[in-house]
Every structure is written in structure tokens, then in C-alpha cells.
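Only a predicted model underlies this, so the values are computations on that prediction, with no experimental measurement involved.
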Amino acid sequence: ASEFNPAGKVPTLVDNGVEVTTEKAQWWLDGNEMRLLLVDPNLEREEVEVRVTGKGEIMRGILKRGGRTYRVRCEESG
């Protein structure tokens, strides 16, 4: 399982319990769609891409990592 932790200034990706340091997060909000791209600190490879759509507190979409695509659901918290 992968999770995104936006608590710090540098985004951290945790993949199966292993912390993967990322840099240069790019994100887009466009109407009902959100996209997030995290790359490695040397800007040489994409670590994860997330694309979700929806309205309200729950958005559904895909997460791409390591050549695989996963279905995801994002919920607003707080």
C-alpha cells in the first residue's frame, strides 16, 4: 500500500512501509479533477502520479507507481 503524507515541506511517499523521499511535487486542480506528480530528489524519474475526479468530499481515480496502475479513493479530512 502507498500513502502520501503532505505534513512536511518535502512530500514523503510510503510504499509498503518503506519511505521514499520525493521532491518537486506538482499538482493541478481543474474543475472536478486533481492531479499530483511526485519525482525523485534528482528529478530523474517519476515516483508516483495520482489522477482523481469527483465532487464533494470523495474523489476516485488512479495511482501510477512502478509501472503499475491502482484504483484509489481520496477523502477530505480535517
Side-chain angles (χ1 to χ4, degrees):
S2 295
E3 64 183 76
F4 172 64
N5 177 5
K9 290 183 180 179
V10 177
T12 301
L13 174 69
V14 179
D15 191 354
N16 288 322
V18 178
E19 188 173 299
V20 179
T21 302
T22 60
E23 286 282 346
K24 307 300 180 194
Q26 295 183 337
W27 57 274
W28 302 264
L29 291 174
D30 183 19
N32 297 328
E33 181 180 28
M34 182 198 73
R35 298 180 189 185
L36 171 68
L37 176 63
L38 301 178
V39 297
D40 74 296
N42 296 321
L43 309 177
E44 295 174 347
R45 70 181 174 278
E46 293 181 4
E47 292 291 352
V48 68
E49 176 186 356
V50 178
R51 291 180 180 213
V52 294
T53 59
K55 291 185 177 182
E57 296 179 1
I58 297 178
M59 301 180 87
R60 291 182 169 80
I62 59 168
L63 179 146
K64 294 182 180 181
R65 170 134 170 89
R68 298 189 65 185
T69 301
Y70 306 90
R71 290 183 184 199
V72 295
R73 182 180 75 189
C74 301
E75 296 183 33
E76 185 177 337
S77 65

Interatomic spacing from [atom1] in [X] to [atom2] in [Y] - rounded to 0.5 Å:
X     : Y     : atom1 : atom2 : result
Arg60 : Glu75 : CZ    : CD    : 8.0 Å
Leu13 : Leu63 : CG    : CG    : 8.0 Å
Leu29 : Met34 : CG    : CE    : 7.0 Å
Asp30 : Thr53 : CG    : OG1   : 11.5 Å
Thr21 : Glu47 : OG1   : CD    : 9.0 Å

Partners passing side-chain contact (heavy atoms from CB on, under 4.5 Å) against Glu57 (at least two apart in sequence or in another chain):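 Listed in chain order: Glu76.
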Under 3.5 Å: donor-acceptor pair, side chain of Asp40, backbone of Arg45: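 Looks like yes, one N/O pair under 3.5 Å.
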Following the transitive rule for hydrophobic clusters with a side-chain heavy-atom cut-off under 4.5 Å over Ile, Leu, Val, Met, Phe, Trp and Tyr, establish whether [X] and [Y] coincide in one cluster.
X     : Y     : result
Ile58 : Val72 : no
Tyr70 : Val48 : yes
Leu38 : Val18 : no

Listed partners of Arg51 passing salt bridge (Lys or Arg N to Asp or Glu O under 4.0 Å), at least two apart: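 Scan of Arg51 (salt bridge (Lys or Arg N to Asp or Glu O under 4.0 Å), adjacent residues dropped) gives Glu49.
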Side-chain touch Val50/Trp27, heavy atoms, less than 4.5 angstrom: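 Contact flag for Val50/Trp27 side chains = no.
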